[in-house]
Amino acid sequence: MTRLTQSRPIEGAKKTMHSFYAIYRKEMRQYFVSPIAYVVIGLFLFLAALFFNLILSGVIQNAMQMEMDSMRFGMPPEIDMPAQVMRAFFGLLSTLLLFIVPILTMGLYSEERKRGTMELLMTSPISETEIVLGKFLASLSLFAIMLIPTLSYLIFMFVRSEPVPPWRLLVAGYAGVVLLGGSLLALGSFISSLTENQLIAALFTFAAFLFVWVLDVGRNATGGIGAVLSYLSVIRHYEDFTRGIVDTSSLIYYATFIFLFVFLTVRSVDSMRWRRA
Amino acid sequence: MIEVQDLTKAYGSVTAVDHVSFTVNKGEILGFLGPNGAGKTTTMRILTGYMPATSGTARIAGFDVFNDSLEVRRRIGYLPETPPVYPDMTVEDYLDFVARIKNVPAEKRPGLVSDALKKTNIEDRRTHLIKRLSRGYKQRVGLAQALVHDPDVIILDEPTVGLDPKQIIEVRHLIKALAGDHTIILSTHILPEVSMTCDRVVIINKGKIAAVDTPENLTSQLKSGQRVRVEAQAPEKPLRDALSQIPGAKNVQVQSARPDGLLSATVEGAQGKDIRSQIADKIVTSGWLLYELSSVSLSLEDIFLELTTDDATHAEPSN
Ligand SMILES: Nc1ncnc2c1ncn2[C@@H]1O[C@H](COP(=O)(O)OP(=O)(O)O)[C@@H](O)[C@H]1O
Ligand SMILES: [Mg+2]
């Protein structure tokens with residue numbers, strides 16, 4: 001049998017693709033048959049649109065105020081409105097993520113365990129990695145689908161701005177949300193794999209996110225600790241992206257974060273076999 | 001096709017499966033019979049690679065269930081104790097999903113899904129959401145899931161639980177029809193199940209194998225022994241003592257609380273010995289009145305009880 005698999009590497013890769021896709025497809029369909037997905041997406045888009053308008057009008061008012069001040073005191077207005085709106089809006093998106101990601105990931109594994117369907121998956125010829133990747137990428141895809149409508153708000157603002165800001169800013173910002181979202185989804189999936197109760201999974205995921213956010217405050221500390229926390233902060237790298245800064249160290253940071261938690265989830269699913277001992 | 005050798009599984013201090021060994025030949029239906037908590041589910045979970053054994057080995061189609069788990073999983077269909085279904089999927093989508101994760105190629109999938117629906121008689125529910133199905137239908141969806149990819153080995157944990165009598169008969173027919181092409185292990189705590197469907201029976205109790213044989217042999221093994229039912233008017237204790245004194249008599253049980261004041265007793269005789277005349281003689285010479293004396297052959301049920309009941313309950317003089 002070993003010889004057979006060795007002589008047919010393509011077959012093996014094809015098989016992996018099939019199994020991975022089977023899980024991915026199932027997860028996507030699950031999302032769209034459950035009312036939760038629609039409620040979450042609807043609420044997300046509503047809040048995003050609402051806050052976008054508030055931010056936009058706030059920034060415009062602020063600008064008008066400054067313009068008036070400048071008339072009185074004779075200082076030229078030097079504000080980059082689109083950049084301000086972007087930073088505020090992406091800041092808002094990261095806050096919404098705090099609430100949305102736990103809902104997207106809570107049931108990923110805990111529900112499978114509770115329903116007994118994990119027994120089907122674990123006794124089928126698919127690997128733990130295929131299961132975990134299928135589920136992770138499905139949750140990431142759903143998240144990306146949620147984001148697409150928000151893109152239109154910013155594009156609308158960009159084309160109405162004078163001069164039109166560099167599109168690089170938009171690309172970097174969205175790369176940042178997707179990477180931040182991916183990291184939180186990976187962490188949430190891992191937590192879901194630890195329990196049979198999806199409510200507990202959601203609460204612990206939320207608590208873990210709060211911890212990450214709180215940790216971020218510590219980066220202002222002086223000395224070595226501040227520097228370490230600053231590098232470890234999920235938020236700092238995100239802020240770089242929303243300023244249009246894409247540096248390799250941030251990319252490596254998120255890639256490592258996602259890889260680490262996907263890997264831990266694979267280990268956790270694998271250990272379910274052993275925990276029964 | 002399936003070889004199990006000294007399989008042992010301990011959950012902490014509880015030994016759920018204790019040095020179990022048996023084999024299943026290709027095309028055979030093996031019944032795994034035992035009361036609740038006997039270790040049936042645990043054994044099946046080890047065979048399907050769901051969890052590892054503490055010690056011992058099990059091979060399916062020559063592959064070790066632990067070391068070559070993926071090869072084993074490729075060849076089995078498994079119905080766990082609770083059907084592993086997704087409530088929000090339709091029956092058809094669910095079976096399609098299962099076929100996909102069992103690596104069924106795309107071009108074969110629709111045909112196999114239809115076959116599974118047909119065999120388990122749930123074609124009329126193919127577009128229904130699983131959560132809207134009754135317990136019996138869910139169980140049949142679980143069964144369809146176990147055979148959708150046409151596996152060599154089918155492992156069924158209590159496949160008729162939750163079905164009504166008519167459905168039970170259908171499922172038994174289905175299982176019988178699957179044998180030959182497929183090797184089947186099914187577990188049950190219901191006796192008629194094994195006598196009706198299985199080629200061979202493994203009786204398991206408290207993790208240990210109590211007997212392995214064909215249902216016919218198990219029955220005839222003790223058939224030569226005899227069970228006699230007696231109804232008489234007599235004082236309880238003297239009757240029990242008198243019956244116990246008959247050479248070859250064992251398991252004397254006397255039930256007293258009968259409305260008509262009669263005592264009814266059962267006595268088992270040793271193999272090949274008819275003790276009826278001795279019983280009649282004893283009762284009459286003691287001056288009691290004999291109302292009835294009949295011989296009952298031991299059913300599989302009795303054998304099952306015999307093998308799985310504690311010695312403690314046997315030692316009790318009457319029940
Ligand atoms: N996950 C587990 N942890 C601890 N003990 C268990 C577990 N599963 C089963 N057992 C114990 O192992 C024994 C056998 O259980 P099981 O295999 O489910 O029996 P059956 O299927 O024949 O009813 C029982 O005493 C049960 O309590
Ligand atoms: Mg059981």
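So you know, we letter chains A, B, ... as the sequences are listed, proteins then strands, and number each from 1.
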Contact check, side chains of A:E119 and B:D157, non-hydrogen atoms, under 4.5 Å: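 Answer no - side chains too far apart.
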
Residue pair A:S19 / B:N103, side-chain heavy-atom distance below 4.5 Å: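 Yes, their side chains come closer than 4.5 Å.
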
Contact class of A:Y21 relative to chain B, heavy atoms under 4.5 angstrom: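 Interface part for A:Y21: side chain.
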
Between B:D93, B:T54, B:I76, the one whose heavy-atom pairs under 4.5 Å with chain A are most numerous: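 Option with the top pair count is B:D93.
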
Max heavy-atom pair count under 4.5 Å with chain A, selected residue of B:P84, B:P87, B:A99: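 Result: the option with the highest number of such pairs is B:P84.
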
Neighbours of chain B found in residues 29-51 of chain A - heavy atoms under 4.5 Å: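 The stretch touches chain B at A:R29, A:Q30, A:V33.
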
Positions in residues 176-191 of chain A that reach chain B, provided some heavy atom is under 4.5 Å away: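 Contacts with chain B: none.
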
Would you name the heavy atoms of [X] and [Y] that are closest together and state the gap between them?
| X | Y | answer |
| --- | --- | --- |
| B:V85 | A:R115 | O-CD, 3.9 Å |
| A:K26 | B:F97 | CD-CZ, 3.4 Å |
| B:Y86 | A:E112 | OH-OE1, 2.6 Å |
| B:I101 | A:S124 | CD1-OG, 3.5 Å |
| A:T123 | B:R73 | O-CG, 3.2 Å |

Give a yes or no on this: more than 12 heavy atoms of other residues, nucleotides or ligands lie within 6.0 Å of atom [atom1] of [X].
| X | atom1 | value |
| --- | --- | --- |
| B:R135 | CZ | yes |
| B:K119 | NZ | yes |
| A:Y24 | OH | yes |

Identify which part of [X] has an atom lying under 4.5 Å from any heavy atom of chain A, answering side chain, backbone, both or neither.
| X | answer |
| --- | --- |
| B:V98 | side chain |
| B:D96 | side chain |
| B:Q145 | side chain |
| B:L129 | neither |

Residue pair B:K102, A:L120: steps toward the side chain to side chain contact (heavy atoms under 4.5 Å, CB included) verdict: CA-CA 10 Å; B:K102 304 287 180 182; A:L120 167 65; 4.0 Å; yes

